[in-house]
Amino acid sequence: MDVGHTAVLLLELGAVVFGLGVLGSLAGRIGLSPIPLYLLAGLAFGNGGLLPLEAPEGFFATGAEVGVVLLLLVLGLEYTAGDLVENLRRQAPVGVVDLLLNGLPGAALALLLGWGPTAALALFGVTAISSSGIISKLLTDLGRLGNRETPAVLGVLVIEDLAMAAYLPVLTGIVAATSTGDAVLSVAVALATLAAVLVVAVRHGSTVTRFVGARSNEILLLRVLGLALLVAGAAEAVHVSAAVGAFLLGIALSGEVAERIGDLLSPLRDLFAAVFFVFFGLSTDPTELSGALLPAAALAAVGIGTKLLTGWIAGRRAGVGPPGRVRAGAALIARGEFSIIIAGLVLGSVPAAFGPTVAAYVLILAVIGPLAPRLADPWARRLAARPARRTPA
Amino acid sequence: MDVEETRLPGIGLRHDLVTAQGRRVGVISQRNGARHVVLYDERDPDATAATIELTPEESEVVAELLGAPRITERLSRLREQVEGLATEGLPIEPGSPYVGATLGEAAIRTRTGASVVAVVRGEEMIASPSPDFRFQVEDRLVVVGTSDGVAAVGRLLNAH
């Protein structure tokens, strides 16, 4: 029987999206993040996977780009310029410690394996940045929003997101450049653009908000989505990276309109973020995964240790006792969307083993991340049971 | 009593305090209007023992239950504290010379020593009306002063 191209496309796409829905509900039932399951699904559907799909690849490639834009736009919507400025002032030292502690092991491994400086810079970011998405959901699910170490955890996440906004343009500039002089120039242009856009976002957020504001949800959705794609595209053109453009637009939008946009975009974000994770799986060769497992596991073990240490330092700085410091560290372990976004940016310009290593690394830590706070709880409670003289109030 | 305010980036604000009995209680105000009431662990004051999520309507009801008795308490205490202070609600009857006049024109405080602190108009309550506030029939003026002063206002308003 001759089945038309459209029919194959819709059937395959439908099967994949429905399958993701099943996987997502499965993950929810056992208290896991769906991200590792989406990645596994992508690996299974890709070339050399269990069930290679041909037709929808074009959709996934475009959808993945839209997914990145939406992930960062919605993240930016959650922050106000005030949040960012205050956090930067208060938490900058912890942020620097966090990035160095967690990023350097990644960079060291890349150099050790002889992958070159671009891969080292990329793996620095992959290992440094926790998953805001997994962690904020985790804190809500565990009822820990009220805990006194939670502001410290959220503070670290905000600093990481801000650091991303400066780091991605640098990475994009270096990847796009052909010579050292070229790289320096394109990074300088990217950072200057970033600074200019950041000033507009912080100072003139209300103008931008009024510009997109509309009473009808439909019009609001179309305007914001259109503007986000325009800003992302323009940012990509000057090597600031689409993700950062979308993030800054999210920060600029504020108030009650931002609240509504967040509600409108969240379902779209969920769909396209899933597409994004699947696409990364699709573009990773699963036959390489077994070879990448050992370095990824070693990196993950170090990554757990360094995040625990970061949490301990951030908690102590916030005046929280030892049990809270352990909880803060355990909460920070999950890596996810950002690690994949960073890896996706450099895939073409680093050795082939890079993608599978990052995939395996995120698979491990996106699974352990949500479990870690539950596992660390007995340890934290034992610390709480110790005599109070160890922790002067 | 110290209420500590903490920003939760991306979520909202948290306020918490330690009660006289040594328990820590907090309220998380989310940007979307939802509130969480948080009780902290007795052994580990950094950890939450229980969190109760309230919708905007529910938190309003709880706030009223906690706050309303205090307002009446305060009012009655105020009356006890300031002895000789009289408060009365005085109507503007039809035919009063002040229908359509402004509060400034009536010069009530200069002439009687009592003050108009609020005006009740239908369902609405206008607190601290300004001098250009214009009286209408059926307005009820809340007047505070000595009992002589308040009585003088009553005679003034409805002197035919």
Side-chain angles (χ1 to χ4, degrees), chain A residues 74-80 82-84 86-88 90-91 132 135-136 139-140 142-159 161-162 254-256 258-260 262-263 315 318-328 377 380-381 383-386 388 391 393, chain B residues 1-68 70 124:
Chain A
V74 174
L75 180 72
L77 283 174
E78 285 171 12
Y79 297 136
T80 61
D83 276 349
L84 296 180
E86 194 192 272
N87 253 281
L88 198 59
R90 281 209 198 158
Q91 305 271 13
S132 315
I135 293 168
S136 47
L139 292 173
T140 312
L142 293 176
R144 292 206 181 158
L145 289 182
N147 278 25
R148 286 162 58 77
E149 77 275 5
T150 296
V153 172
L154 295 173
V156 168
L157 294 182
V158 175
I159 294 284
D161 296 343
L162 268 179
S254 52
E256 189 246 344
E259 195 87 40
R260 269 174 62 208
D263 290 344
V320 172
R325 295 176 208 167
V326 170
R327 282 193 302 267
D377 234 19
R381 238 177 261 132
L383 282 173
R386 285 195 190 169
T391 52
Chain B
M1 190 170 61
D2 267 345
V3 180
E4 203 182 312
E5 181 188 296
T6 315
R7 252 175 198 264
L8 299 175
I11 293 164
L13 279 177
R14 189 193 74 208
H15 292 93
D16 58 275
L17 58 95
V18 179
T19 65
Q21 300 192 330
R23 287 302 300 265
R24 189 179 280 279
V25 196
V27 174
I28 299 174
S29 315
Q30 283 192 300
R31 289 218 201 96
N32 59 16
R35 298 282 184 274
H36 299 252
V37 176
V38 183
L39 304 177
Y40 289 87
D41 201 318
E42 273 180 293
R43 265 201 333 199
D44 175 4
D46 297 328
T48 49
T51 306
I52 299 161
E53 188 171 343
L54 301 175
T55 64
E57 297 82 49
E58 287 161 354
S59 41
E60 228 164 85
V61 170
V62 172
E64 245 167 59
L65 290 174
L66 292 173
R70 298 211 39 184
E124 197 188 1

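Letters A, B, ... mirror the listed sequences (proteins, then strands); counts begin at 1.
- Using a 4.5 Å cut-off between heavy atoms, B:Arg14 touches chain A through its side chain atoms alone.
- Side-chain N/O atoms of B:Tyr40 and A:Asn147 include no donor and acceptor closer than 3.5 Å.
- Side chain to side chain, B:Thr48 and B:Asp41 fail the donor-acceptor criterion of an N or O pair below 3.5 Å.
- Residue A:Leu154 comes nearest to A:Leu139 through the heavy atom pair CD2-CD1, 4.1 Å, listed as atom of the first residue, atom of the second, then distance.
- Only the side chain of B:Thr6 comes within contact range of chain A, with at least one heavy atom under 4.5 Å from a heavy atom of that chain.
- Chain A forms more heavy-atom pairs under 4.5 Å with one residue of B:Glu4, B:His36, B:Arg24 than with any other, namely B:Arg24.
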Evaluate the criterion side chain to side chain contact (heavy atoms under 4.5 Å, CB included) for residue pair B:Arg23 and B:Leu17; output intermediate values, then yes/no.
CA-CA 8 Å; B:Arg23 287 302 300 265; B:Leu17 58 95; over 6 Å; no
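- Per-residue counts of heavy-atom pairs under 4.5 Å with chain A were compared for B:Asp46, B:Leu39, B:Val38; the largest is that of B:Asp46.
- For B:Glu53, no part lies near chain A; criterion is any non-hydrogen pair under 4.5 Å.
- Within the model, atoms OG of A:Ser136 and CG of B:Leu8 stand 12.0 Å from one another, a figure rounded to the nearest 0.5 Å.
- For a residue to count as touching a neighbouring chain, one of its non-hydrogen atoms must lie under 4.5 Å from one of that chain's; by this rule A:Glu86 touches chain B with the side chain only.
- Between the B:Glu58 side chain and the B:Thr55 main chain, a donor and an acceptor come within less than 3.5 Å of each other.
- Of the atoms belonging to A:Val320, heavy atoms from both backbone and side chain fall under 4.5 Å from chain B.
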